[in-house]
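Okay, so here's the structure we're looking at.
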Amino acid sequence: PRRKRAVPGLRSLQLGSNALTGTVPYGLSSLKALHTLDLSRNRLTGPLPFWLTTLEALETLDLSGNLLHGPLPAQGMDKLNKLGRLQLQKD
């Protein structure tokens with residue numbers, strides 16, 4: 001099967017309320033131009049991924065309404081200086 005490639009210039013990914021399951025996909029870590037990542041109201045599980053801190057263009061991150069657990073990644077949070085909206089409730 002062909003491997004899908006990420007869209008490097010993608011600025012907004014809104015997949016809220018899509019019944020997504022499993023962990024937050026590592027493949028999203030290649031979307032360095034993302035300004036908005038909305039994975040809210042799904043059934044995502046596991047710890048908050050460490051690679052979220054590599055998405056330095058993020059302005060909005062919404063992971064609310066999932067079953068995620070654990071602390072925010074300790075290292076690298078200072079790189080998210082554009083992040084103005086962080087939603088984690090019900091996680």
Side-chain angles (χ1 to χ4, degrees):
R2 285 182 69 173
R3 196 168 131 180
K4 294 182 181 179
R5 292 186 177 188
V7 181
L10 189 68
R11 293 176 47 112
S12 180
L13 184 61
Q14 299 186 19
L15 296 173
S17 300
N18 274 285
L20 300 176
T21 60
T23 59
V24 179
Y26 179 75
L28 298 178
S29 66
S30 65
L31 301 175
K32 302 299 185 192
L34 270 184
H35 287 215
T36 301
L37 177 58
D38 180 358
L39 299 174
S40 63
R41 298 174 314 278
N42 283 292
R43 296 182 196 126
L44 298 172
T45 59
L48 293 169
F50 70 92
W51 54 260
L52 286 173
T53 61
T54 68
L55 300 178
E56 296 178 20
L58 271 183
E59 297 172 1
T60 300
L61 175 60
D62 190 345
L63 298 173
S64 63
N66 285 288
L67 301 171
L68 299 169
H69 59 82
L72 289 171
Q75 294 184 349
M77 288 302 290
D78 58 328
K79 295 179 185 174
L80 298 179
N81 56 10
K82 295 181 182 175
L83 189 63
R85 182 171 174 239
L86 175 62
Q87 304 251 167
L88 298 173
Q89 66 267 28
K90 294 187 183 179
D91 284 322

Sub-4.5 Å side-chain heavy-atom contact between T21 and T45: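 T21 does not reach T45 side chain to side chain.
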Side chains of S64 and Q89 in contact at under 4.5 Å (non-hydrogen atoms): yes
Neighbour count above 12 (heavy atom, 6.0 Å) for K32 NZ: yes
In Å, rounded to the nearest 0.5 Å, how long is the span from [atom1] of [X] to [atom2] of [Y]?
{"X": "R41", "Y": "N18", "atom1": "CZ", "atom2": "CG", "result": "9.5 Å"}
{"X": "H35", "Y": "R11", "atom1": "NE2", "atom2": "CZ", "result": "4.0 Å"}
{"X": "L63", "Y": "S40", "atom1": "CG", "atom2": "OG", "result": "8.5 Å"}
{"X": "L61", "Y": "L48", "atom1": "CG", "atom2": "CG", "result": "8.5 Å"}
{"X": "T54", "Y": "L80", "atom1": "OG1", "atom2": "CG", "result": "8.5 Å"}
{"X": "W51", "Y": "S30", "atom1": "CH2", "atom2": "OG", "result": "9.0 Å"}

Consider side-chain contact (heavy atoms from CB on, under 4.5 Å). Of [options], which one does [X] pass it with?
{"X": "L58", "options": "T36, L31, L37", "value": "L37"}
{"X": "L72", "options": "L86, T53, L52", "value": "L86"}
{"X": "N66", "options": "L20, V24, N42", "value": "N42"}

Test item: side-chain donor near acceptor, R85 and T60, under 3.5 Å: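 No pair is found: no donor N or O on one side chain lies under 3.5 Å from an acceptor on the other.
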Nearest atoms (heavy-atom pairs only) where K79 meets E56: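 Heavy atoms only, the tightest pair is CD-OE2, 3.5 Å.
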For P49 against P73, the heavy-atom pair lying closest together: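 Closest pair (atom of P49, atom of P73, distance): O-CG, 3.5 Å.
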